[in-house]
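Written out below as structure tokens is the structure these notes cover.
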Amino acid sequence: MTEHSLNWNSRNLTHGWQRGVNAFFWGLGFKEEDFNKAQIGIGTPLLDGNICNVHAHELARLIAQGCKDAGLIGFPFGVSPVSDNITQGNVGGAASLCSRNLMTNGAEMICTSHCYDALIGLHHCDKNGPAFAMALARTNYPGLIVNGGSIMPGCHKGKPTTIYDVYDSAARANQGTMSFEESEQIIRTACPGPGGCGIAASFNTMGIALEAMGLSLPDTSSMPAIEAGKRSECLRVGQAVRNLLEKNIRPRDIITKQSLTNAMTVIAAIGGSTNGVLHMLAIAREAGVDFTLRDVQAVCRRTPVLCNFAPRGKGTMVDLHRLGGTTMLLRHIQKTGLLDGSCITVTGQTLAENLADAAEVPFPNDLIAPVEAPFKEYADIQICFGNLSPHGMVFKVSSLDEPQFKGRAICFNDSKGVSDAAAAGLIRPGHIVVIRGVGPVALGMPEMHVASAALAVPELYGKVALISDTRVSGVSGGAVGVHCSPEAAVGGPIAAVQDGDEIEFDLLAGTIHVNADLDSRPRAPVSVSHPFGYLADFAATVTQAHEGCVPRWVADKK
């Protein structure tokens, strides 16, 4: 492939019929030879008000420099990120999932309208990476995703702390089992600087999964945000993108049923976030790959839990980095025989080739279990279908000793109601907390972490469950069943559940059942009134959770 052909798309502008556009390129400082260079869009989630993203522009400029060093021209551009933590439990929480689709549209819009030859996306917070993966799949432009890196742990009384400890301490203080003063000390010190949440919440779940899928370079997900290695990594990205252009490797060459299965296997093995399931389904829809909740169900039944990251344990991504990094972990998971090593990746090599020289896991350690002695024989994430969720519900249960649970419903419309009821002692062992009317059409599918945190206190942990038509944060622990499809707002059976109804689920059988004739009951009316325009636009086009909450036109395309 010649130098000129690397600019397969941008040459339609730089050498196109409308010569006047070149005035802007001259104004940008182009030299004659620059008009033959490939132009690379660098998707940058700019949000200085969020510690996850505060260094995004710095990394984008380094990536642009690396593109220049590789004979390319990199142009950082902004998209619309939302802080999942700062908006948690507030009206802004409804923006979280919407931001994913908006960022996808934004990246597609900029790269296609400006005829960029490749797309690099920066993953700094929960929805950034999935959004850029969806954009890569949709446009099929060459490109990859760079991880912004995890935050360092905080410290309280000589012990490391994370965002999980923040919400745990707030819930305990609310219920009187920790002093307000101590919880405040934890809140003030748990997040000491730049980087995404350091546990196996949504940010790191997707970071590791994108490496396993082949859309990210090796070990980008485990390199902490503040490390010098993160800066040198960014400078090398340009050469990697040049390699993709030279070999004409496209996202849909990488995103296949096998690579999606690899990514989901890794999500299950690390005890990752339920949000990862939603994003895998969305990426599959964008790429036109037949990968459904039934496929997820099969993966999670056969995959053991091999990691003890928080919230199931205490481990962080910094611990993984110090042990040997993500490639070490993926090579270890490969020993289960559950990963397809033949899948091509953004290095131009297969997954197996990427992992061939990775370090062995040093045993013993507190984070990673031997393959022959996993923390659990089957994944914490499981998929259930039944009269409550005909199209499926995603469970994450690390707090129950048995895969079955039976309890009585106690119904709410928001997370604050759950928090208040738990503080008042109204939620008791044997309850199944139902939150409905907060799905994608109703309210943008906000996370209900405040509710799950309220149920994770010692008095209730492992003794109650939560089910909902919305999402929970990857920080959440306990027993939760979310993404109930169809949601209450479109007439889903969850709208007909009443206080006192007996609900039972069996994770390994894949069933959830309400012992009542839901079809004979009128659906409780769900008020749908969107306070913001972006929510109204999202609701007007979004599909249900079992299709990844992509726009309807994406789900309908062949």
Side-chain angles (χ1 to χ4, degrees), residues 9-10 38-48 50 52-68 70 72-84 95-149 196 202-203 206-207 209-211 213-217 220-221 225 230 233-238 240-242 244-245 250-252 254-255 279 282-283 286-287 346 550:
N9 200 19
S10 61
Q39 297 182 16
I40 315 300
I42 304 170
T44 314
L46 297 171
L47 186 60
D48 281 2
N50 182 24
C52 305
N53 300 68
V54 72
H55 57 307
H57 190 63
E58 175 199 356
L59 298 191
R61 297 309 306 173
L62 289 170
I63 292 170
Q65 179 61 51
C67 287
K68 182 179 180 181
L72 313 171
I73 300 175
F75 290 124
F77 66 89
V79 292
S80 304
V82 167
S83 169
D84 281 45
S96 170
L97 185 59
C98 302
S99 75
R100 184 198 69 178
N101 291 13
L102 278 172
M103 285 188 284
T104 299
N105 288 349
E108 176 199 29
M109 179 180 69
I110 295 297
C111 290
T112 57
S113 63
H114 286 255
C115 294
Y116 288 149
D117 301 294
L119 166 63
I120 299 168
L122 276 162
H123 179 47
H124 282 264
C125 193
D126 295 14
K127 306 305 176 293
N128 303 167
F132 289 121
M134 291 164 65
L136 285 165
R138 184 184 295 179
T139 62
N140 205 29
Y141 283 14
L144 51 79
I145 296 169
V146 179
N147 196 293
S202 301
F203 167 68
M206 285 307 302
L210 289 168
E211 277 195 47
M213 192 188 300
L215 282 181
S216 290
L217 295 171
T220 183
S221 64
K230 179 57 66 179
E233 171 197 326
C234 289
L235 290 171
R236 295 192 298 270
V237 169
V241 171
R242 185 184 178 94
L244 290 172
L245 286 165
R250 304 282 179 137
R252 293 187 189 179
I254 295 169
I255 305 169
H279 301 323
I283 295 166
E286 294 283 5
V346 291
V550 296

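In this text, all values refer to a predicted model and were calculated from it rather than measured experimentally. By convention here, the first residue in the shown sequence is residue 1.
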S202: partners by side chain to side chain donor-acceptor pair (under 3.5 Å), with sequence neighbours left out:
S273, N275

Distance-only side-chain donor-acceptor flag, D117 / S10, under 3.5 Å
yes

Flag the pair V346 / L244 as yes when at least one side-chain heavy-atom distance between them is below 4.5 Å, and no otherwise.
yes

Mind jotting down which residue pairs meet the salt bridge (charged side-chain N to carboxylate O under 4.0 Å, His left out) criterion with at least one end in residues 102-111? Sequence neighbours excluded, please.
E108-R138

Tightest non-hydrogen contact, residues M103 and P81, listed as SD-CA, 3.8 Å

For N128, side chain to side chain donor-acceptor pair (under 3.5 Å) partners two or more places apart:
N53

How long is the gap from OH on Y141 to OH on Y116, to the nearest 0.5 Å?
11.0 Å

Given side chains that start at C-beta, do those of H124 and N50 come closer than 4.5 Å, heavy atoms only?
no

Backbone of G148 reached by a side-chain donor or acceptor of H55 within 3.5 Å:
yes

Please report the interatomic distance CD(E286) to NE2(H279), rounded to the nearest 0.5 Å.
13.0 Å

For T220, the option from N147, I145, L210, V237 that meets side chain to side chain contact (heavy atoms under 4.5 Å, CB included)
N147

With salt bridge (charged side-chain N to carboxylate O under 4.0 Å, His left out) as the rule and sequence neighbours excluded, what pairs involving residues 120-137 come up?
D84-K127, K127-E447

Write down the atom of A133, the atom of I283, and the distance for their closest heavy-atom approach.
CB-CD1, 3.6 Å

Distance, nearest 0.5 Å, that separates SG of C67 from CD1 of I42:
4.5 Å

Looking only at non-hydrogen atoms, find the nearest pair between P45 and V79 and report the distance.
CA-CG2, 3.8 Å

What's the separation between atom CG in L215 and atom CD1 in I254, rounded to the nearest 0.5 Å?
5.5 Å

Minimal non-hydrogen separation, I40 against L245, with atom names
CD1-CD1, 4.0 Å

Determine, stepwise, if the pair V241 / L144 fulfils side chain to side chain contact (heavy atoms under 4.5 Å, CB included).
CA-CA 7 Å; V241 171; L144 51 79; 4.1 Å; yes

Residue pair S216 / E211: nearest heavy atoms and the distance that separates them
CB-CG, 3.8 Å

Salt-bridge present (E233, K230; N to O < 4.0 Å):
yes

Taking atom CD1 of I110 and atom CZ of F77, what is their separation to the nearest 0.5 Å?
6.0 Å

Please round to the nearest 0.5 Å and tell me the distance separating atom CD1 of I63 and atom CG of L72.
12.5 Å

With a 3.5 Å distance limit and no angle check, can you tell me whether H123 reaches the backbone of F203 through a side-chain donor-acceptor pair?
yes

Partners of S80 by side chain to side chain donor-acceptor pair (under 3.5 Å), sequence neighbours excluded?
none

Note: P76 and T44 closest approach over all heavy atoms is CB-OG1, 3.9 Å

Enumerate the salt bridge (charged side-chain N to carboxylate O under 4.0 Å, His left out) contacts for residues 53-62, please, sequence neighbours excluded, ordered by first and then second residue.
E58-R231

